[in-house]
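Here the structure is laid out as C-alpha cells; the discussion comes afterwards.
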Amino acid sequence: MAYIGRTPTGSILTGADIADGSISTAKIADTAVSTAKIADDAVGNTKLNLASDYAFTGTITGTPQDMVQVASASGGGTTTQVFNGCFTSTYKFYLITASFNVGSSSVVSVRFQNSSNAEITTPYYNAGSNGSRNSGGSGVSGLGSWDATSITHGEAILGSTEPSMKIFVFNPFASERTIAQTMFHSQDNAGNFNTVTLGTTLDTAVSVTGIRFISDTGSFASRSEFRIYGMK
C-alpha cells in the first residue's frame, strides 16, 4: 500500500488513516478537478448541464449577441398578427421571418407601427419584381406602388399552401426613414409559383417600434409561425 507520509510517532500514514470529510477546499488546487473527473449523474442528468439543471436569476450584462430572437408568435385565428415594441435601440438591424396559412385566397401585407402602437398607413414606396413559373413556362414582371398604404407583394395566396416571407429592416428605431427588403414565396390560385423581391421605403421620419401582418380575407391559422431577430 502506498503511503502519504509518517505520523509524529514514525508510523506509516495510509489513505485509510485519513478521516472522512477531513480534506478542506483549501487543500485542493484550483485546477485539480476537471470535467473528466466528475461522474455522469453527479450533477443532474449530465455533467454540469446548465440548461436543464440550473435556473438563472438576475441580469446578464455585457455586449449583446450578434443575433437574438426578440419576439415570436403563432397564428391566433385572426386576420392580423401584431408585434408591439419589438424594435428598440439595442439592435440596428432586424430580420423578420414568417410562414403562414390563411385558409383561403388572400393577400398578406405588412405595416410598421409607431411608438403608440398605431399602424403607419402611409407613405410606403415599393419597387421590385415577381418571378413566376407554372406548367406552361415562366416569366418575370415588375411590380411596385407609389405612396402605398403598406408593404405588399400583391400576390394572392392559395389557401391550402404555406407561403414564407423574410423581411430585413434597417435601423427602424431611429427617427428617420425606414428601409426594408422583402422576399416572398407563394403559390397562387392559378397554379403559379411566385418569388417576389421587394424594396420599400417608409417615406416619413418617425421612430418605428413595431410591425404587423395583415391578411385581407382569411385568418392566420394556428400553424402560422412568426419570428423576429435583432442583429448588431
Tell me whether [X] shares a hydrophobic cluster with [Y], the cluster being built from Ile, Leu, Val, Met, Phe, Trp, Tyr side chains joined at under 4.5 Å.
| X | Y | answer |
| --- | --- | --- |
| Tyr125 | Met183 | no |
| Met231 | Ile179 | yes |
| Leu143 | Val110 | yes |
| Phe170 | Leu198 | no |

Beyond-backbone contact of [X] with [Y], side-chain heavy atoms, under 4.5 angstrom:
| X | Y | result |
| --- | --- | --- |
| Thr209 | Phe112 | no |
| Thr152 | Val107 | yes |
| Lys232 | Met67 | no |
| Gln113 | Asn84 | yes |

How close do [X] and [Y] get, counting heavy atoms only, and between which atoms?
| X | Y | result |
| --- | --- | --- |
| Thr178 | Val208 | OG1-CG2, 3.5 Å |
| Gln81 | Gly75 | OE1-CA, 4.1 Å |
| Pro172 | Lys92 | CD-O, 3.9 Å |

Legend entry - Derivation of the side chain to side chain contact (heavy atoms under 4.5 Å, CB included) call for Met165 and Thr182: CA-CA 7 Å; Met165 181 182 290; Thr182 302; 4.0 Å; yes

Measuring from [X]:[atom1] to [Y]:[atom2], what's the distance to the nearest 0.5 Å?
| X | Y | atom1 | atom2 | value |
| --- | --- | --- | --- | --- |
| Phe173 | Ser207 | CZ | OG | 4.5 Å |
| Gln181 | Phe168 | CD | CZ | 8.0 Å |
| Asp66 | Tyr229 | CG | OH | 15.0 Å |
| Ile211 | Ile151 | CD1 | CD1 | 6.0 Å |

Legend entry - Among Asp147, Asp203, Thr204, side-chain hydrogen bond (donor to acceptor under 3.5 Å, both in side chains) partner for Thr122: Asp147

Inset, instruction - For side chain to side chain contact (heavy atoms under 4.5 Å, CB included), just list the numbers for Asn171 and Phe93, CA-CA rounded to whole Å, side-chain angles, deciding distance to a tenth of an Å, and then say yes or no. - result: CA-CA 6 Å; Asn171 205 21; Phe93 307 100; 6.0 Å; no

Inset, instruction - Determine which pairs satisfy side chain to side chain donor-acceptor pair (under 3.5 Å) with at least one residue from residues 135-144, sequence neighbours left out, and list them in order. - result: Arg133-Ser138

[X] and [Y]: side chain donor to acceptor below 3.5 Å:
| X | Y | result |
| --- | --- | --- |
| Asp216 | Ser106 | yes |
| Ser164 | His185 | no |
| Asn126 | Thr200 | yes |
| Glu225 | Ser99 | no |
| Asn192 | Gln187 | no |

Counting N and O atoms only, with roles assigned by atom type, does the side chain of [X] sit under 3.5 Å from a partner on the main chain of [Y], one being a donor and the other an acceptor?
| X | Y | answer |
| --- | --- | --- |
| Ser215 | Gly218 | yes |
| Thr121 | Thr149 | no |
| Thr80 | Val82 | no |

Inset, instruction - For the pair Ile214 and Val108, evaluate side chain to side chain contact (heavy atoms under 4.5 Å, CB included) and give the outcome as yes or no after the intermediate values. - result: CA-CA 5 Å; Ile214 306 159; Val108 174; over 6 Å; no

Legend entry - Derivation of the ring pair (Phe, Tyr, Trp, His ring centres under 6.0 Å) call for Phe213 and Phe226: CA-CA 10 Å; Phe213 293 81; Phe226 304 84; 5.0 Å; yes

Legend entry - Pair Phe87 and Tyr94, ring centroids less than 6.0 Å apart: yes

Inset, instruction - Measure centre to centre between the rings of Phe220 and Phe100, then say whether the value is under 6.0 Å. - result: yes

Inset, instruction - Go through the steps to decide whether Ile167 and Leu95 satisfy the test side chain to side chain contact (heavy atoms under 4.5 Å, CB included), and finish with yes or no. - result: CA-CA 6 Å; Ile167 307 172; Leu95 168 64; over 6 Å; no

Inset, instruction - Check the surroundings of atom CD1 in Ile28: do more than 12 heavy atoms from other residues, nucleotides or ligands lie under 6.0 Å from it? - result: yes

Inset, instruction - Sort and list the pairs that fulfil salt bridge (charged side-chain N to carboxylate O under 4.0 Å, His left out) and have at least one residue in residues 114-131, not counting sequence neighbours. - result: Arg111-Glu119, Glu119-Arg212

